[in-house]
There are 2 protein chains.
Amino acid sequence: MLTRKQLELLEFIHKNMQTDGVPPSFDEMKVALSLRSKSGIHRLITALEERGFIRRMAHRARAIEIVRLPESLGGEPGPGFRPRVIEGDRPNAPRPANSDPITIHATEVPLMGRIAAGVPIEAISHVTSQVAVPGQMVSGAGEHYALEVKGDSMIDAGINDGDVVVIRETQVAQNGDIVVALIEDQEATLKRFLRKGSSIALEAANPAYETRVYPEGKVRIQGRLVGLIRTY
Amino acid sequence: MLTRKQLELLEFIHKNMQTDGVPPSFDEMKVALSLRSKSGIHRLITALEERGFIRRMAHRARAIEIVRLPESLGGEPGPGFRPRVIEGDRPNAPRPANSDPITIHATEVPLMGRIAAGVPIEAISHVTSQVAVPGQMVSGAGEHYALEVKGDSMIDAGINDGDVVVIRETQVAQNGDIVVALIEDQEATLKRFLRKGSSIALEAANPAYETRVYPEGKVRIQGRLVGLIRTY
DNA sequence: TGCGCAATGTTGACCAGAAAGCAATTGGAA
DNA sequence: TTCCAATTGCTTTCTGGTCAACATTGCGCA
């Protein structure tokens, strides 16, 4: 599955994680493989990702994670590794009867009901079902849940009626974040968050809706938008 | 199940992986089996893949993986063997190490590169990685794949730059469907499909882009949009 | 014995990927 | 803003994989 160079790099990353605790930077890898340019490393990394040995986040320093090791290295990936085996049915790609379940990097989050993106309709209620989401969407810390969007007030942000949004639970938000906000402990709504002095503006992404401004105490952030899933 | 030659090749690949850590190239296999041509190897490899003994990626150097070995070679491919094990932990919800696999209704589809939603950029290329998608998105028949959207021409349809779209392979489309269309066998683009008599209009969802009309023969539908995944 | 057929062997052309380098740009973080 | 890491574009060289066409071998069977 891997070429010599790819294997060499994977070994190096693995060793580095064991000794240093962190993945190496591109420059460190460059030195380790005696290259003069990082772009070579970049390509090897891409190849490793494509082959499913590592996972990474773009544009993040040292954001590499070893997902599996080739048999020849025969070891477990890093400590704390808990593979979550997900039985994925893969339509039209019949697996040989004897093969193991295919493992997919995904997670399931609870669908907690609907959220208004126009006039607030109803507060977050109970779990209605589970939705699978790609793993990278919920990476990092925090609890996550999903909501179905009702209304068209966020349409200019590419959030349509019927979309499912994935929310990370948090009490804080930065200017410009799209958040789930609970207004006066009553109504939950999905809006863009803007702090203006001591008040908070909740701005729709649709000129037909007015921005509403509340004093700080009236609004509680419940979560921040981290993903969106739409099925046609 | 296997012919003599196929078994011989499989044995060689296995030995090679054990000693070198990497699968042999076609040329190395050619030498090992005393052949004068790689194409014989190509056929044997194809046969082994068909019979489920190996897995591979087309057009990739040394991209062979042994999935199982015939009983005559002693069963298991080796300790530590784990097909496609990919991390999928749920942050803050650790499970006991010995827990059973959790079944999630999800599927993985190959990410095939980028697609222009503005001016066509590049045709669909090769697999860059895999993305997990909710099961219901790819239900029904057909092969599926994912593309990363470049450009803003579908922005009024809620498809933004950087979104990942999930495509079901098909050669036909209905009026109003959003499709991946290959224009003059050259450029792939994501547009709304509209048939007007014997010509086909590919319409952007952004007033800044013109609708382009082609004679029927110039446009080939490659797939239909069935889902969208966005990570913030 | 000779036919059909599948597996195998060979050649050679062709194209794509792997690897490497340098330069320029973008993105994130301090 | 400044720094550093990561990404991307482009080029070159070499290795590796694909494919079509055709020849050969060996086996089962009428």
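Below, chain A is the first sequence line, B the second, and so on; all start at residue 1. As the structure is a prediction and not an experimental result, all values here were calculated from the model.
Nearest to the side chain of B/T3, among C/dA7, D/dA21, D/dA5, sits C/dA7. Comparing C/dA18, C/dG21, D/dG17 by their closest approach to the side chain of B/R56 singles out D/dG17. Taking only side-chain atoms of B/S39, from C-beta outward, the nucleotide of D/dA20, D/dT8, C/dA20 with the closest atom is D/dA20. Checking D/dA6, C/dT10, C/dC22 against the side-chain heavy atoms of A/R36 singles out C/dC22 as nearest. Ranking D/dC10, C/dT8, D/dG16 by closeness to the B/A61 side chain, first place goes to D/dG16. Picking from C/dA20, C/dA18, C/dA16 the nucleotide with the shortest atom distance to the side chain of A/L35 gives C/dA20. For B/R62, whose side chain is taken as the heavy atoms from C-beta onward, the closest listed nucleotide among C/dA20, D/dC19, D/dG16 is D/dG16.
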As a quick check of understanding, evaluate salt bridge (Lys or Arg N to Asp or Glu O under 4.0 Å) for A/R195 and A/E216, giving each step before the final call. CA-CA 9 Å; A/R195 175 181 296 275; A/E216 204 160 359; 2.8 Å; yes
Check the pair B/R60 / A/E50 against salt bridge (Lys or Arg N to Asp or Glu O under 4.0 Å), numbers first and verdict last. CA-CA 11 Å; B/R60 288 290 185 287; A/E50 184 181 305; 2.4 Å; yes
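Taking 3.5 Å as the limit, the base of C/dG9 and the side chain of B/R43 contain a donor-acceptor pair of atoms between them.
Regarding B/K38, its NZ atom lies at a distance of 11 Å from the C1' atom of C/dC15, rounded to whole Å. Distance, A/R4 CZ to C/dG17 P: 21 Å, rounded to whole Å. Atom CZ of B/R60 and atom P of D/dT18 are 11 Å apart (whole Å). Protein atom CD1 of B/I45 is 16 Å distant from nucleotide atom C1' of D/dC19, rounded to whole Å. In this structure, A/F26 atom CZ and D/dT8 atom C1' are separated by 12 Å, rounded to whole Å. One atom, CD of A/E28, and another, P of D/dA5, lie 8 Å apart when rounded to the nearest Å. One can place CG of B/D27 at 8 Å from P of D/dG17, the figure rounded to the nearest angstrom. C/dT10 atom C1' lies 14 Å from atom CG of B/L44, rounded to whole Å.
For C/dA20, the OP1/OP2 oxygens have a side-chain nitrogen or oxygen of A/K5 closer than 4.0 Å. When the side-chain nitrogen and oxygen atoms of B/H42 are compared with OP1 and OP2 of D/dG17, none of them lie within a distance under 4.0 Å. For C/dA7, the OP1/OP2 oxygens have no side-chain nitrogen or oxygen of B/Q6 closer than 4.0 Å.
Using a 4.0 Å heavy-atom criterion, one finds that A/G40 contacts no nucleic acid atom at all.
Between the side chain of B/N16 and the backbone N or O of B/V22 there is at least one donor-acceptor pair closer than 3.5 Å. In this structure, A/D163 contributes its side chain and A/N160 its backbone to a donor-acceptor pair below 3.5 Å.
When the nearest nucleotides of DNA chain C are assigned to B/S34 and A/L33 by heavy-atom distance, the more 5′-ward of the two goes with B/S34.
No side-chain heavy atom of A/T211 sits under 4.5 Å from any side-chain heavy atom of A/L202.
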Once pairs are restricted to Watson-Crick or G-U wobble with both distances under 3.5 Å, how does DNA chain D read as a dot-bracket string, [ ] for crossings and | for other-strand pairs? ||||||||||||||||||||||||||||||
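Between the side chains of A/S39 and A/R43, at least one donor-acceptor pair of N or O atoms lies under 3.5 Å.
Under a 4.0 Å N-O distance rule, the pair A/K191/A/E203 does not qualify as a salt bridge. A salt bridge between A/K38 and A/E28 is absent, with no side-chain N of the basic residue lying under 4.0 Å from a carboxylate O of the acidic one.
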